[in-house]
Colleague: 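Pasting in a structure now, in structure tokens, and then I'll have a few things to ask.
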Amino acid sequence: MKSCLVVDDSRVIRKVARRILEDLDFEIEEAADGLEALQACRKAMPDAILLDWQMPVMSGIDFLRTLRNEQGGERPVVVFCTTENDVERISEAIKAGADEYIMKPFDGDILHSKFAEAGLI
Amino acid sequence: MLTEAQFALIARQAKRRVGLALKPDRLAVVDARLAPLARREGCACAGELVQATQERSDDLLWDAIVDALVDPSTHFFRDRAAWRALAERAIPDILRGRAPNARLRIWSAGCATGQEPFSLAILMDELREEGQGATTEIVATDVSARLLDKATAGIFSQFEVQRGLSVRRMIARFERIGEMWRVMDRVRAAVRFEAHNLMSEPAAMGPFDLILCRNVLCGMDDEDRKATLERLAGALAEDGMLMLGAGEHAVDVTDAFSRTGEDGLFLRNAYWRRAA
Ligand SMILES: C[S@@+](CC[C@H](N)C(=O)[O-])C[C@H]1O[C@@H](n2cnc3c(N)ncnc32)[C@H](O)[C@@H]1O
């Protein structure tokens, strides 16, 4: 069973994502901001990370840049999941090391499609 | 609710016009699907719409009724395995049999809102960038003018553009306009859209090296499926290939094709000739 860390400051979004991803056979951990996510990763690197951009304490992009410089931090497949839909923002995320990118709002079909594109399914 | 007689009438028209086989258990679905059109035509319900159409023997209205019943579902690079088979098997095989500078001709038959032919255009572009493609002409057809209009515009919602496309493909081939995404001119220019009903002869269009007719024939009965498959075979080059939808078959009703070992991918039999 693959593990996925769901990082979003909205509890509702985390719950929706958890439900969809559990159906796709992922084991879910949750984090409410980038710093919490970093701490979770230092404890155990997940196979996948679903990552919001705008969050208090530490943003998704700052988390990603830090993660990719950590020991083993290149391994998780990172899928951004955010309302940011500017092409420049998307390119910035890819440059920072994101593997896939979901523009909110999303549904189960999109999550499934993007996880497949990222080679997670 | 439609009466059984009215439903039988719709089923007859759907079969005759587009080869759509409606089973009797679809009555309630058809009734619901026709409600918006009925309203637009000033009728209270689907039953009234059929009655009015019949009384005026209104051919265009019959077309509109049937158009409301076709299945428009599609997405980019639908069935990942099929696109892998196209890129790794079908297109290389076809190119091997062609002169180095030959132009490839591909037909997307039943293209709905355009995701399939645009996926093809993107794939051919990528293959060319890797140095193994060829100049390609893509003809995309559908019987539905409504779906074809959307396809021709090449503008997709944020939902549509996230189904089947990787983010890299999306930002490389689309530009954002407001909340929508438009295929770039280069991709758009590779596809020619035309109205065509697969129940009629594709006479002037062929021959093609590859035809995609995916998730279209599954709506037909065996008689129409056989006739359509043979019309498609007639529009293929002698060594041309046909890609159907995942799990769709060709060899069960006609001997115009043989299996390739890849799901949904068939080879035209060179010796095959249409019965006169
Ligand atoms: C389910 S969609 C498939 C779209 C695309 N090929 C795919 O696989 O994603 C079926 C399409 O076939 C078209 N179609 C059905 N009967 C047809 C006919 N007789 N001639 C041309 N197109 C037809 C419908 O209008 C619809 O757009």
Side-chain angles (χ1 to χ4, degrees), chain A residues 4 6-8 13 16-17 20-21 23-25 48-54 60-61 64-65 68 76-121, chain B residues 71-88 112-116 118-119 122-123 125-126 129 154-188 214-215 245-246 263:
Chain A
C4 181
V6 175
V7 192
D8 201 303
I13 300 269
V16 171
I20 297 170
L21 289 170
D23 280 345
L24 296 173
D25 240 17
I49 301 175
L50 187 73
L51 183 62
D52 189 16
W53 192 305
Q54 305 287 358
I61 195 91
L64 179 56
R65 291 197 179 108
R68 290 306 193 207
V77 173
V78 174
V79 179
F80 255 105
C81 184
T82 164
T83 49
E84 303 284 344
N85 60 3
D86 257 17
V87 175
E88 295 85 76
R89 281 309 182 91
I90 298 172
S91 305
E92 190 185 345
I94 293 174
K95 237 177 79 199
D99 297 282
E100 259 304 334
Y101 197 102
I102 294 170
M103 299 176 284
K104 288 177 183 167
F106 63 96
D107 60 8
D109 282 342
I110 289 175
L111 209 58
H112 190 227
S113 165
K114 289 295 186 175
F115 268 53
E117 288 299 330
L120 285 163
I121 298 173
Chain B
D71 169 17
S73 68
T74 187
H75 56 263
F76 289 99
F77 294 93
R78 183 176 190 169
D79 304 320
R80 303 166 60 79
W83 289 88
R84 207 172 313 119
L86 281 176
E88 290 171 10
T113 40
Q115 280 89 332
E116 179 178 283
F118 288 134
S119 299
I122 292 170
L123 176 68
D125 224 20
E126 289 173 353
E129 282 168 6
I155 297 173
F156 298 92
S157 74
Q158 190 167 289
F159 268 99
E160 290 167 328
V161 90
Q162 295 199 88
R163 288 203 58 197
L165 283 176
S166 71
V167 66
R168 283 179 180 77
R169 272 180 170 150
M170 185 189 82
I171 60 172
R173 316 284 167 175
F174 293 76
E175 53 204 355
R176 191 165 74 95
I177 37 168
E179 291 305 300
M180 305 295 277
W181 293 77
R182 183 172 58 197
V183 282
M184 287 184 180
D185 290 342
R186 198 156 59 102
V187 178
R188 174 66 194 77
R214 315 191 60 228
N215 308 297
D263 178 33

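Only this structure's heavy atoms are used, side chains among them; waters, hydrogens and symmetry mates stay out. This one's a predicted model, so the numbers in the text were calculated from it and none came from an experiment. Numbered from 1 within each chain, the chains take letters A, B, ... in sequence-line order.
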Colleague: Are any of the side-chain nitrogens in Glu117(A) or Lys114(A) under 4.0 Å away from the carboxylate oxygens of its partner?
Modeller: no
Colleague: Who pairs with Thr113(B) by side-chain contact (heavy atoms from CB on, under 4.5 Å), at least two apart in sequence or on another chain?
Modeller: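 Result, side-chain contact (heavy atoms from CB on, under 4.5 Å) vs Thr113(B): Thr74(B), Gln115(B), Leu147(B), Lys150(B).
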Colleague: Heavy-atom distances under 4.5 Å only: say whether Ala93(A) touches chain B with side chain, backbone, both or neither.
Modeller: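 For Ala93(A), no heavy atom lies under 4.5 Å from chain B.
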Colleague: Let me know if Asp99(A) has heavy atoms under 4.5 Å from chain B in its side chain, its backbone, both or neither.
Modeller: backbone
Colleague: Which residues satisfy the side-chain contact (heavy atoms from CB on, under 4.5 Å) test with Asp107(A), sequence neighbours excluded?
Modeller: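 Per chain and number, Asp107(A) pairs via side-chain contact (heavy atoms from CB on, under 4.5 Å) with Asp109(A), Ile110(A), Phe159(B).
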Colleague: Could you tell me whether Asp125(B) and Arg188(B) make a salt bridge, using a distance below 4.0 angstrom between a side-chain N and a carboxylate O?
Modeller: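 Judged by the 4.0 Å cut-off on N to carboxylate O distance, Asp125(B) and Arg188(B) do not form a salt bridge.
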Colleague: Is the closest basic N to carboxylate O distance between Arg65(A) and Glu92(A) below 4.0 Å?
Modeller: yes
Colleague: Using a 4.5 Å heavy-atom cutoff, which residues in residues 167-175 of chain B come close to chain A?
Modeller: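 Under the 4.5 Å heavy-atom cut-off, Val167(B), Arg168(B), Met170(B), Ile171(B) qualify.
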Colleague: Out of Gln158(B), Glu179(B), His75(B), return the one with the most heavy atom pairs under 4.5 angstrom to chain A.
Modeller: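 The residue among Gln158(B), Glu179(B), His75(B) with the greatest pair count is Gln158(B).
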Colleague: Run the side-chain contact (heavy atoms from CB on, under 4.5 Å) test against Ala87(B) and tell me which residues pass, sequence neighbours left out.
Modeller: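 In terms of side-chain contact (heavy atoms from CB on, under 4.5 Å), with neighbours along the sequence ignored, Ala87(B) is linked to Leu123(B).
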Colleague: If you count heavy atoms of other groups shown closer than 6.0 angstrom to CZ of Arg186(B), is the number above 12?
Modeller: no
